[in-house]
Engineer: 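Dropping the structure in here first, questions after.
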Amino acid sequence: MNQFLFGAATSAYQIEGAAREDGRGLSIWDVFAQKPGAIADGSSGEVACDHYHRYPEDIALMRWLGLQAYRFSVAWPRILPEGRGRLNPKGLAFYDRLVDALLEAGITPFVTLYHWDLPWALEERGGWRSRETAHAFAEYAEIVARALADRVPFFATLNEPWCSAFLGYWTGEHAPGERNLEAALKAAHHLLLGHGLAVEALRAHGAKEVGLVLNFAPVYGEDEEAVNRADIYHNRFFLDPVLGRGYPESPFLNPPPMPIQEGDLEIIARPLDFLGVNYYSRARVAPGEGVYPVRYLPPEREVTDMGWEVYPEGLYDLLKRLSRETSLPLYITENGAAYPDRWHGEEVVEDPKRVAYLRDHLEAAFKAKAEGVDLRGYFVWSLLDNFEWAFGYTKRFGIIYVDYATQRRIPKRSAHWYREQIQKKPVLR
Ligand code: FCB
């Protein structure tokens, strides 16, 4: 039987802090966070969980949890402060230390190259609207592979390009905060092109298991056409081209057209070793009114602090569907929930709803696995409470509570629960 990895996930900008240290360049999130109103609590990732300095303590917590793998991202602007060209050795040295410390703790490093923190210098030259950024990404991928592929077995190129393109360039909720569909579609294509070029660069420089992380929202509804339209937007838009099927036909793609050049679709469809699946909730839709092709229906069941419906069956349905569409091994690279946790000095922060959420989703995942889905791992989002993008520090996703005033870490009940689950499932190793 294949080894099954129990892990937890984080990303650089959300936890590292040390935004101006050791030669790190600015990212689009540093600049976006300065915009009045962009972040709910007016905060930024400037300090975050101070993981850049506290990583030994955080790895000790991972060890206590019994994590078998840890998914984290490398901050591109730490490695290449201007996005391309000049290398910053101190930035690379941080990830060198982190990887060595993980290995020493017996934890497998699972690296994401891009979790949304584009170097600001590249944004000034067009960001993901520009084809050049895809090439810059491949150069950066090569540098990271040369430095870490001897010790890191898993590399994911992008995290959730859907969010980078559509939230970053269409709705403007995320950095760089543009509101322009044409820019978003260009960004989407250049992200995917960058992914394909990075796959080549990673493999050429020693990476073993190479994949991509996508976010999915299985769609439910009575009306087939509405479901299909929403499914294209939420699920197929990035998945189809990566699986070699090209972009799905969609009413909102035409006009404006995607900037596809000859050979791009082949690069985008380069073979992968795994697919990373991020799942939080589902969507329910009905036919739209007026200019809107679909209408989103309100949640039927209870929601998390994000307003996202708790729907573990969606994870089961999604895994079954993906295993029909591709034979790639699957990893659940993110799954978790925000709840308004409070700490008043106790040893353990009680978070019964998160325990229930994780229990039900893990159960759904194992049901799919038992029915033959090639599921190889599960990563909780997130190890620590952290900077939740446009929500700042107002949403807590961690299984470990962070008291930001003191940077103290307090395991929640869910951390204790997860630790027990990992201990209980030795047969899967
Ligand atoms: C995902 C992101 C991750 C985190 C969770 C809640 O979309 O990849 O960074 O914000 O949502």
Side-chain angles (χ1 to χ4, degrees), residues 7-17 27-29 32-33 38-41 43-45 48-49 51 70-76 110-118 156-168 170-171 173-175 188 191 195 211-218 233-235 237-239 275-283 303-311 314-315 318 331-341 351 353-354 357-358 361 378-400 402 414:
T10 63
S11 90
Y13 190 71
Q14 294 178 277
I15 66 163
E16 285 179 1
S27 81
I28 53 175
W29 275 92
F32 183 67
I39 313 294
D41 55 3
S43 66
S44 74
C49 307
H51 172 78
Y70 171 52
R71 173 174 176 244
F72 62 96
S73 78
V74 172
W76 185 348
F110 192 117
V111 166
T112 305
L113 290 179
Y114 185 71
H115 202 124
W116 308 354
D117 45 357
L118 186 73
T157 55
L158 307 173
N159 176 73
E160 302 189 353
W162 185 94
C163 293
S164 300
F166 294 133
L167 304 183
W170 190 21
T171 70
E173 289 160 80
H174 281 185
L191 279 153
H195 154 76
L212 169 70
V213 172
L214 297 178
N215 53 310
F216 296 95
Y233 177 54
H234 289 288
N235 304 311
F237 191 79
F238 289 88
L239 180 66
L275 179 66
V277 177
N278 290 357
Y279 175 79
Y280 290 93
S281 189
R282 66 163 168 174
V303 298
T304 68
D305 199 28
M306 299 296 282
W308 298 346
E309 185 180 11
V310 178
Y311 195 70
L315 178 58
L318 172 65
Y331 289 85
I332 297 170
T333 34
E334 286 181 29
N335 174 241
Y339 288 107
D341 308 304
D351 60 341
K353 292 196 167 164
R354 184 174 294 100
Y357 180 101
L358 296 177
H361 284 76
Y378 176 91
F379 292 82
V380 173
W381 184 272
S382 178
L383 178 72
L384 303 168
D385 290 336
N386 58 47
F387 176 77
E388 179 47 35
W389 308 113
F391 294 91
Y393 298 97
T394 66
K395 303 293 176 197
R396 293 181 176 272
F397 271 93
I399 56 172
I400 295 172
V402 177
S414 55

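Read the numbers this way: they start at 1 and go in the same order the structure lists the ligands and their atoms. Numbers for residues simply follow the sequence, beginning at 1.
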Engineer: Going by the atom numbers of ligand 1, which of them fall below 4.0 Å from some non-hydrogen atom of W389?
Structural biologist: 3 (C), 4 (C), 9 (O), 10 (O)

Engineer: State the atoms of ligand 1, each with its element, that fall below the 4.0 Å cut-off from a heavy-atom position in N159.
Structural biologist: 8 (O)

Engineer: Around atom 10 (O) of ligand 1, find the nearest protein heavy atom and jot down its residue, atom name and distance.
Structural biologist: E388 OE1, 2.8 Å

Engineer: Can Y13 and S73 be counted as having a side-chain donor-acceptor contact under 3.5 angstrom?
Structural biologist: no

Engineer: Decide whether D351 and S414 meet the rule of one side-chain donor and one side-chain acceptor closer than 3.5 Å.
Structural biologist: yes

Engineer: Please list, in number order, the atoms of ligand 1 under 4.0 Å from a heavy atom of H115.
Structural biologist: 2 (C), 3 (C), 8 (O), 9 (O)

Engineer: Checking a contact table here: which protein heavy atom is nearest atom 7 (O) of ligand 1, and how many Å away?
Structural biologist: E160 OE1, 2.5 Å

Engineer: What residue and atom, counting heavy atoms only, is the protein's closest point to atom 5 (C) of ligand 1, and at what distance?
Structural biologist: Y280 OH, 3.3 Å

Engineer: Kindly say whether G398 contributes a backbone atom to a donor-acceptor pair with the side chain of D385 at under 3.5 angstrom?
Structural biologist: yes

Engineer: Which residue and non-hydrogen atom of the protein lie closest to atom 2 (C) of ligand 1, and at what distance in Å?
Structural biologist: E334 OE1, 3.3 Å

Engineer: Which of the atoms in ligand 1, numbered in the order shown and given with their element, are less than 4.0 Å from a heavy-atom of F397?
Structural biologist: 6 (C)

Engineer: Using ring centroids (six-membered ring only for Trp), state whether Y393 and F387 fall under 6.0 Å.
Structural biologist: yes

Engineer: Check for me whether the distance between the ring centres of Y233 and F166 falls short of 6.0 Å.
Structural biologist: yes

Engineer: Check for me whether R71 meets the cation-pi criterion with F379, that is, NZ or CZ under 6.0 Å from the six-membered ring centre and within 45 degrees of the ring axis.
Structural biologist: no

Engineer: Would you tell me which option among Q14, H174, K395, M306 has the nearest heavy-atom contact to atom 9 (O) of ligand 1?
Structural biologist: Q14

